[in-house]
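Notes follow once the structure below has been shown.
Order of appearance sets the numbers: ligands from 1, and atoms from 1 within every ligand. Residue numbers run from 1 in the order of the sequence given.
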Amino acid sequence: MVPFDVVGAMEGCMDKLVITAAICGAEVSKEHNPAVPYTPREIAREALLSFEAGASIVHLHVRDDDGAPTQSMERFAECIAEIRRVCPDVIIQPSTGGSVGMSEEERMQPLGLSPEMATLDCGTVNFGGDEIFVNTENMIKRFGKRMIELGVKPEVEVFDKGMIDTAIRLCAQGCIKAPVHFNFVMGVTGGIAATLRDFAFLQGSIPPGSSFTACGIGRHAFSVAAMSIVAGGHVRVGFEDNVYIRKGVLAKSNGELVEKAAGLARALGREIATPQEARAILGLKGMEA
Ligand code: KMH
Ligand code: ZN
């Protein structure tokens with residue numbers, strides 16, 4: 001993969017673009033945007049709209065009906081079944097991050113469903129104010145080893161550059177399998193900024209053979225998407241990261257956000273991957289030789 005080769009992208013030499021829809025999150029609510037889904041039905045509808053607009057992966061948090069975040073395995077099972085009913089082929093990637101303050105045991109629960117993928121948060125980060133998202137090295141090792149045991153492909157969440165270094169170290173210790181798939185989460189208060197300079201720094205810091213996606217928080221959603229499209233990475237958008245389709249205008253659905261990212265990709269000559277193509281690109285189980 002040639003970084004920053006816009007001409008190459010336009011000639012189709014890059015992998016097709018894998019779009020992840022982070023449809024729900026744990027911190028965003030209907031007060032931010034009334035279309036944020038809580039119930040299994042609402043979640044499945046947002047997954048379907050995202051899939052129809054070009055998403056091949058749904059990054060999944062789940063909520064109680066009143067919107068409270070939960071990592072309950074039963075609730076994940078219910079939501080996954082509802083998504084599968086309307087959208088059988090999409091890749092479902094549960095969060096093991098949950099929400100700030102949840103215990104390791106709570107967060108681990110969706111792994112019990114042996115999903116194809118799950119997130120693996122590779123370091124502790126301030127989230128502004130007194131909020132700290134805690135991921136000690138031993139926790140990361142336990143999450144990583146459990147994913148290896150269950151054949152779950154981790155997506156390593158990177159809120160700052162040192163988290164890439166942690167993932168590389170834990171790879172060498174057998175807690176994460178190479179090749180690693182990263183997600184650069186850019187623009188979180190307390191994390192790395194959503195700048196082109198820092199994007200290049202992150203991309204240049206991952207081992208050869210790795211894959212990556214990127215998401216920008218809030219107003220950075222589409223500038224980071226554009227950077228990743230031209231750099232040969234993949235893209236994540238969705239209400240978890242940003243609720244606006246453009247300045248001051250709320251998105252009607254996650255599908256609208258995915259559609260905008262897909263439009264950027266098409267304009268830059270990058271084709272969109274189907275879920276099956278995404279499985280091959282990311283080396284998910286069932287697609288290995
Ligand atoms: N909600 C954040 C505390 C993940 O999904 O793994 C963690 C998060 C990352 O969203
Ligand atoms: Zn998440």
Side-chain angles (χ1 to χ4, degrees), residues 19-29 32 36-38 43 46-47 50 55 57-64 67-73 75-76 79-80 83 91-111 113 115-136 139-140 142-144 146-147 152-160 163-164 166-167 170 176 180-192 212-218 221 224 234-243 254 257:
I19 303 179
T20 299
I23 59 175
C24 176
E27 284 78 26
V28 70
S29 74
H32 300 106
V36 171
Y38 293 166
I43 283 175
E46 286 299 312
S50 302
I57 301 178
V58 171
H59 168 63
L60 188 64
H61 289 253
V62 299
R63 310 290 189 97
D64 292 330
T70 171
Q71 287 289 104
S72 147
M73 185 154 90
R75 191 64 166 184
F76 265 102
C79 290
I80 289 170
I83 295 173
I91 299 162
I92 302 176
Q93 177 202 79
S95 168
T96 66
S99 71
V100 169
M102 283 180 173
S103 70
E104 181 176 336
E105 293 67 34
E106 273 178 287
R107 287 171 49 182
M108 196 75 88
Q109 289 180 78
L111 293 182
L113 300 167
E116 285 180 272
M117 291 186 91
T119 55
L120 175 56
D121 295 277
C122 269
T124 295
V125 61
N126 280 331
F127 271 177
D130 292 323
E131 303 262 282
I132 307 173
F133 180 37
V134 175
N135 295 284
T136 67
M139 283 171 70
I140 303 164
R142 287 190 289 267
F143 276 105
R146 189 83 187 114
M147 290 189 205
V152 177
K153 170 92 179 182
E155 179 184 271
V156 167
E157 305 301 300
V158 173
F159 294 86
D160 228 328
M163 299 185 192
I164 293 175
T166 297
L170 298 192
I176 302 175
V180 178
H181 178 61
F182 294 92
N183 177 25
F184 305 156
V185 185
M186 306 189 72
V188 169
T189 308
I192 199 162
F212 70 95
T213 190
C215 60
I217 303 303
V224 169
H234 302 284
V235 165
R236 174 175 125 170
V237 290
F239 287 155
E240 176 165 347
D241 306 326
N242 160 55
V243 293
N254 281 281
L257 297 169

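Taking only non-hydrogen atoms, the option from His59, Glu27, Glu155, Glu240 nearest to atom 8 (C) of ligand 1 is Glu240. Considering each of Ala118, Ala26, Gly98, Ser99, the one bringing a non-hydrogen atom nearest atom 1 (N) of ligand 1 is Gly98.
For the pair Leu60/Pro110, no side-chain contact is recorded, criterion being any heavy-atom separation below 4.5 Å from C-beta on. Between Glu240 and Cys215 there is no side-chain heavy-atom pair separated by less than 4.5 Å. Ile217 has its side chain within reach of Val185: a pair of non-hydrogen atoms, C-beta onward, lies under 4.5 Å apart. In this structure, the side chains of Leu170 and Ile140 come closer than 4.5 Å at one or more pairs of heavy atoms. When side chains are defined from C-beta on, Ile43 does not count as touching Arg75, because their heavy atoms never get closer than 4.5 Å.
Ligand-side atoms of ligand 1 in range of Gly97: 4 (C), 6 (O), range being under 4.0 angstrom from any heavy atom. Here is the list of ligand 1 atoms found below 4.0 Å of a heavy atom in Phe127: 2 (C), 3 (C). For ligand 1 and Thr119, the ligand atoms under 4.0 Å from any heavy atom of the residue are 4 (C), 5 (O), 6 (O).
Under the 3.5 Å distance criterion, the side-chain polar atoms of Asn183 are left unmatched by any main-chain donor or acceptor of Glu155. A donor-acceptor pair is defined here as one N or O able to donate and one able to accept, closer than 3.5 Å; no such pair exists between the side chain of Glu116 and the backbone of Ile91. Between the side chain of Gln109 and the backbone N or O of Glu106 there is at least one donor-acceptor pair closer than 3.5 Å.
Between His181 and His234, the ring-plane angle classifies as tilted under the 30° and 60° cut-offs. Using cut-offs of 30° and 60° for the angle between ring planes, the Phe184 and Phe182 rings count as tilted.
Around the Zn ion (ligand 2), protein atoms of type N, O or S found under 2.8 Å number 3.
An N or O contact shorter than 3.5 Å links Ser95 to ligand 1 by distance. Ligand 1 has no nitrogen or oxygen under 3.5 angstrom from a nitrogen or oxygen of Glu157.
The shortest contact between atom 9 (C) of ligand 1 and any protein heavy atom is with Asp121 OD1, 3.3 Å.
Heavy atoms of Gly25 stay at 4.0 angstrom or farther from ligand 1.
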